[in-house]
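Heads up: the structure comes next, in structure tokens.
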Amino acid sequence: MLTLHDVQAGYGRTTILHGIHVEVRAGEVVTIVGANGAGKTTTLRTVAGLVRPTAGRITFEGEEIGHLPPHEVVARGITLIPEGRQLFPFMSVRDNLRMGAYTPHARDRMRQTMDEVLDLFPRVREKLEQHAGSLSGGEQQMVAIARGMMARPKLLMFDEPSLGLAPIIVSQVFDVVERIVQTGVTVLLVEQNVFRTLSIADRGYVLENGAIVMNDSGAALLRDDHVRRAYLGI
Amino acid sequence: MDTFVQLVINGLMLGGLFAIISVGLTLIFGIIRLVNFAHGELLMVGMYLTWLGTTQLGLHPYVLAPPVVLALFVVGLLIQRFILQPLLDARDAHVQIFATVGLSTALINLALLVFGADLYATPSSGVRDSIALGPYRILVGQLVMFVCGIAVVAALHLFMERSYLGRAIRATAQHRAAAQLMGVDVKRIYMVTFGIGAACVGLAAVLVAPIYPASPTVGTYFVLTAFVVVVLGGMGSLHGAFIGALIIGLVDSLSGFYIAPDLKEVVIFGLFITILLLRPTGLFGLGRGSE
Ligand SMILES: Nc1ncnc2c1ncn2[C@@H]1O[C@H](COP(=O)(O)OP(=O)(O)O)[C@@H](O)[C@H]1O
Ligand SMILES: [Mg+2]
């Protein structure tokens with residue numbers, strides 16, 4: 001479904017990703033594991049069109065998308081739920097969700113999607129009329145995920161959805177991610193919580209200093225000595 | 001007392017005009033984060049267009065509102081697309097501001113070249129007729145300004161709150177990268193925003209032309225006042241600009257009579273400095289991107 005082929009990308013003259021290969025097949029949950037600063041966010045931003053690849057190819061459903069601006073990537077069916085939530089703080093939660101369904105394809109079915117999404121997030125339904133900026137961190141993260149789903153994406157990318165949240169909220173976020181996975185959406189997940197992430201992932205990539213150093217099934221990576229030492233602290 | 005009430009009426013009517021000009025300025029500031037120093041020259045362009053339409057085609061200036069507004073909308077789109085957008089990724093954000101200063105100078109000189117420094121009065125019938133309200137009088141032209149001011153602010157408010165495009169414009173102002181992730185084409189949003197801002201001045205031009213002669217530097221007076229309104233109302237706030245415009249309209253009218261016509265600009269700019277010192281966020285400013 002999504003293939004990154006020898007992708008190189010960075011900011012200004014600094015290259016961050018040094019020719020990475022990543023593949024996500026339809027229906028899979030794939031994770032990218034790596035230390036802070038390894039380039040996980042840069043990878044997702046490059047797929048989303050916010051960062052231009054300087055070399056290599058990105059294809060989605062067989063078509064080259066590496067040169068597309070972000071709004072056209074979204075229109076193809078790829079949605080990024082960004083690190084740090086990035087809600088529209090002075091808009092109501094309802095308007096944030098409406099913004100999630102901005103692409104023509106999603107807009108046509110907005111009401112129906114809104115009902116489906118709010119069934120997954122009963123707590124968000126209670127806050128619909130509040131300003132997004134006034135919610136707690138955990139609530140904001142739920143809104144960010146709900147907003148991402150409003151686009152009816154084929155591929156949903158999560159960037160650190162549990163970052164900075166209290167342990168009990170982290171657990172709720174994972175529950176939500178698991179439920180979304182069950183709806184059949186293809187997922188590319190980047191998370192600090194490596195143990196739980198590898199447990200739900202079909203496959204994982206290990207990214208170190210902008211290069212993929214390992215890729216295997218989630219279960220195999222969980223058993224791997226290097227992964228256990230570097231990322232699970234065992 | 002009668003004089004005072006009459007001056008208040010005049011001031012509010014004038015406020016309607018300031019509202020139309022200021023709303024465009026504050027919109028461009030709030031969304032694109034750009035101080036448009038060419039705003040006054042867009043007004044000037046609109047006034048010459050109105051003059052041309054009335055003298056060459058024999059039309060009433062008010063009839064020219066749709067074509068002039070549309071023309072200015074397109075001019076705004078083009079300015080954003082071909083002058084400002086290429087500078088969007090410039091390392092220094094101030095480059096765009098200098099570009100609007102340059103555009104302002106270029107337009108003034110273009111007008112000097114084409115029309116010279118003469119004053120061009122736009123002929124119009126009925127605009128100076130007055131309507132009696134008991135002991136008070138309102139000119140038709142004043143009333144039209146006031147009604148248009150309210151209509152423009154209300155229409156923009158509804159557009160921003162209710163439409164997909166308006167919501168996308170607000171989203172872009174609040175978080176540009178996130179708006180892109182929702183599928184918003186930010187460059188297009190900026191073009192539309194600049195277009196709407198310019199279209200507002202186009203309407204203002206049609207309303208001003210019958211009362212005030214066109215000249216290359218005519219924009220300066222109106223737009224300096226609009227800058228005061230925008231700062232008073234809170235930069236980027238639509239309803240702030242509306243209330244601010246009414247206040248400045250009143251100050252203009254009252255100080256022109258009770259202090260001295262020549263000193264009213266001094267009073268307005270005294271107010272400007274005072275606001276900047278005491279409450280730099282303006283009366284309704286909630287901080288950046290609040291609208
Ligand atoms: N906007 C940016 N401009 C310049 N360098 C950046 C920017 N964002 C991230 N970086 C750098 O890119 C590297 C990878 O960052 P990132 O992709 O955010 O890593 P991760 O998400 O794995 O923590 C880091 O060294 C970081 O400092
Ligand atoms: Mg990151």
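Note on naming: letters A, B, ... go to the chains in the order of the sequence lines (proteins, then strands), and numbering restarts at 1 for each one.
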Measure I78(A) against the heavy atoms of chain B and call it side chain, backbone, both or neither at under 4.5 Å. neither

Is there a side-chain contact between Q86(A) and L181(B) in this structure, where contact means two heavy atoms from C-beta onward sitting under 4.5 Å apart? yes

H71(A) versus D185(B): any side-chain heavy-atom pair under 4.5 Å? yes

Look at atom CZ of F98(B) and say whether more than 12 heavy atoms of other residues, nucleotides or ligands are closer to it than 6.0 Å. no

Looking only at heavy atoms, the pair that brings Q174(B) and P89(A) closest together is OE1-N, 3.4 Å

How about R125(A): does its CZ atom have over 12 heavy atoms from other parts shown lying under 6.0 Å from it? yes

Is any residue of residues 31-69 of chain A within less than 4.5 Å of chain B by heavy atoms, and which ones? A48(A), L50(A)

Interface residues of residues 91-116 of chain A facing chain B - non-hydrogen atoms under 4.5 Å apart: M91(A), D95(A), R98(A), M99(A), G100(A), A101(A), Y102(A), T103(A), R107(A), M110(A)

I'd like to know which of A179(B), A168(B), G183(B) tops the heavy-atom pair count under 4.5 Å against chain A. G183(B)

